[in-house]
Number of protein chains: 2
Amino acid sequence: MAQLVSRNGKRGRGSVAHVPSAPMRVAMVEFFVSLADLAGLPKSVGEIYGLLFFSEKPLAMDEIIAQLHLSKGSASQGLRFLRSSQAVRTVCQPGDRRDFYEPELALRRLAAGWLKEKIGPRLAEGERKLGQLEALIRKESPGLRRMHQHRIGRLRSWQKAGQRIIPFALGLLKG
Amino acid sequence: MAQLVSRNGKRGRGSVAHVPSAPMRVAMVEFFVSLADLAGLPKSVGEIYGLLFFSEKPLAMDEIIAQLHLSKGSASQGLRFLRSSQAVRTVCQPGDRRDFYEPELALRRLAAGWLKEKIGPRLAEGERKLGQLEALIRKESPGLRRMHQHRIGRLRSWQKAGQRIIPFALGLLKG
DNA sequence: GGAAAGGTTCATTATGTATTGAACAAAGTA
DNA sequence: TACTTTGTTCAATACATAATGAACCTTTCC
């Protein structure tokens, strides 16, 4: 427990020099929470990433838990997700058993992962379903078939548009 | 009630010539359900739009309810939403009090509405929050401030990238 | 070995959102 | 006017997903 005190600089003279002010922390966490929400990710994931993004130095899980008031389970799972998405990196610190986390600042890679994991499968699924529809159409009466072909054509052009957006978006983030 | 029979051609010789086959209906509804899910809209909205998209002729609410097995409430609210997004149009039919619905096929307009309503506000909100963060940063110690400025710079470039995607996406759908 | 810290798992609980259906309003119809 | 059809509203319910926290490994340290 003496260790607990020396391990991280949080104690002593009540100094918290390297910790952003409370309103700052709130604002930055909020920012990423709304981003997470947009991306369809759990709030806790946004909170954790937000906290790390503005933290001067890597944080350990127990520090994250303390600052965000979340449960061990949420923190563990949230970090697992962020790790698997390569949104955070694990770093070691000499003389400390804990894992410390650092945000991946090159958000491009992060976005690429998100697009690939979340959007890519959707597009593939859409493709598959369009194929299904086209197969079914062939068995229809000529009148119906004509109309359905036309409408499916519309969907096809959408599908293509969607597919072109991905590389474009990635290009934007490169600059 | 004699009216009920003559009103729509569903009765008589068990003919259902203008109604797509059941597997077709399933496939098309599924397609739009997954699209709705992607867009963060309720499943029922996707179902309704999907049904209309492949229907040869406009459908009334009670027909939609019958084919999709959903409640009056869901149908009413779903149609209200689709109307407000201009994803469907209301059409009248002589000698029938009911409102009939037709899909808006120019999906571009639909997407434009979605981007404007769902994505636009997010970007605006992000802008606001970034401003907030920048204001808070100025009160920080020089060391922290430098780092935060750098990181916020990253977010700014993201924000810009996001804003540029909208017109690009709309352009794609135009062609 | 025993104790404690660090971390994960997962059944339970909480929370937010969609759906339901009954009550209600409006507008014909007889 | 009484009755039916059409459609909306909204409180109650169902459902899906996230958060919780206790039980449980694993590793380190004495």
Next on the checklist: Between the opening five pairs and the closing five pairs of the helix from C/dG1-D/dC30 to C/dA30-D/dT1, how far apart are the helix axes, to 10°?
Outcome noted: 10°

Checklist entry - Is the backbone N or O of B/Glu104 less than 3.5 Å from a side-chain atom of B/Tyr49, with the two atoms forming a donor-acceptor pair by type? => result yes

Checklist entry - Hey, does the side chain of A/Ser85 reach the backbone of A/Phe81 with a donor-acceptor pair shorter than 3.5 angstrom? => result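 At least one qualifying donor-acceptor pair exists.
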
Checklist entry - side-chain hydrogen bond (donor to acceptor under 3.5 Å, both in side chains) with A/Glu140: which of A/Gln149, A/Arg145, A/His148? => result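 It is A/His148, the one option of A/Gln149, A/Arg145, A/His148 that forms the side-chain hydrogen bond (donor to acceptor under 3.5 Å, both in side chains) with A/Glu140.
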
Checklist outcome for this item: What residues 35-44 of chain B contributes to the DNA chain C interface at heavy-atom separation below 4.0 Å is B/Pro42, B/Lys43, B/Ser44

Using whole Å, report how far [atom1] of [X] lies from [atom2] of [N].
{"X": "A/Phe100", "N": "C/dA5", "atom1": "CZ", "atom2": "P", "answer": "15 Å"}
{"X": "B/Leu79", "N": "C/dT19", "atom1": "CG", "atom2": "C1'", "answer": "15 Å"}
{"X": "B/Gln93", "N": "D/dT6", "atom1": "CD", "atom2": "P", "answer": "13 Å"}
{"X": "A/Arg98", "N": "D/dT26", "atom1": "CZ", "atom2": "C1'", "answer": "17 Å"}
{"X": "A/Leu82", "N": "C/dT8", "atom1": "CG", "atom2": "C1'", "answer": "16 Å"}
{"X": "B/Asp96", "N": "C/dG28", "atom1": "CG", "atom2": "P", "answer": "13 Å"}
{"X": "A/Arg80", "N": "C/dG6", "atom1": "CZ", "atom2": "C1'", "answer": "15 Å"}
{"X": "A/Ile64", "N": "D/dA19", "atom1": "CD1", "atom2": "P", "answer": "14 Å"}

Item to check | B/S/- contact track for nucleotides 20-25 of chain D, protein heavy atom under 4.0 Å | outcome: BB----

Next on the checklist: If the cut-off is 4.0 Å, is B/Arg83 near the phosphate of D/dG7, judged by side-chain N/O to OP1 or OP2?
Outcome noted: no

Next on the checklist: Please give me the minimum heavy-atom distance between A/Ala111 and B/Trp158, naming the atom from each residue.
Outcome noted: CB-CH2, 3.7 Å

Which value, rounded to the nearest 0.5 Å, describes the distance between [X] atom [atom1] and [Y] atom [atom2]?
{"X": "A/Ile48", "Y": "A/Ser74", "atom1": "CD1", "atom2": "OG", "value": "7.5 Å"}
{"X": "B/Phe31", "Y": "A/Leu155", "atom1": "CZ", "atom2": "CG", "value": "4.5 Å"}
{"X": "B/Leu38", "Y": "B/Phe32", "atom1": "CG", "atom2": "CZ", "value": "12.5 Å"}

Item to check | All side chain to side chain contact (heavy atoms under 4.5 Å, CB included) counterparts of B/Ala112, not counting sequence neighbours | outcome: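 For B/Ala112, the residues satisfying side chain to side chain contact (heavy atoms under 4.5 Å, CB included) (neighbours in sequence not counted) are B/Leu170.
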
Checklist entry - Does atom CZ of A/Arg89 have more than 12 heavy-atom neighbours from other groups under 6.0 Å away? => result yes

Checklist entry - So which pairs with a foot in residues 122-136 of chain A pass side chain to side chain donor-acceptor pair (under 3.5 Å), sequence neighbours left out? => result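 For residues 122-136 of chain A, and leaving out neighbouring residues, the side chain to side chain donor-acceptor pair (under 3.5 Å) pairs sorted by first residue read A/Arg122-B/Asp37, A/Glu125-A/Arg128, A/Glu125-A/Lys129, A/Glu127-A/Arg156, A/Glu127-A/Gln159, A/Glu134-A/Arg156.
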
Checklist entry - Which pairs count as salt bridge (Lys or Arg N to Asp or Glu O under 4.0 Å) when at least one residue sits in residues 68-88 of chain A, sequence neighbours excluded? => result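 Listed once each, the pairs would be none.
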
Next on the checklist: Suppose we call a contact any N or O donor and acceptor under 3.5 Å apart; does that hold for the side chain of B/Arg97 and the base of D/dT6?
Outcome noted: no

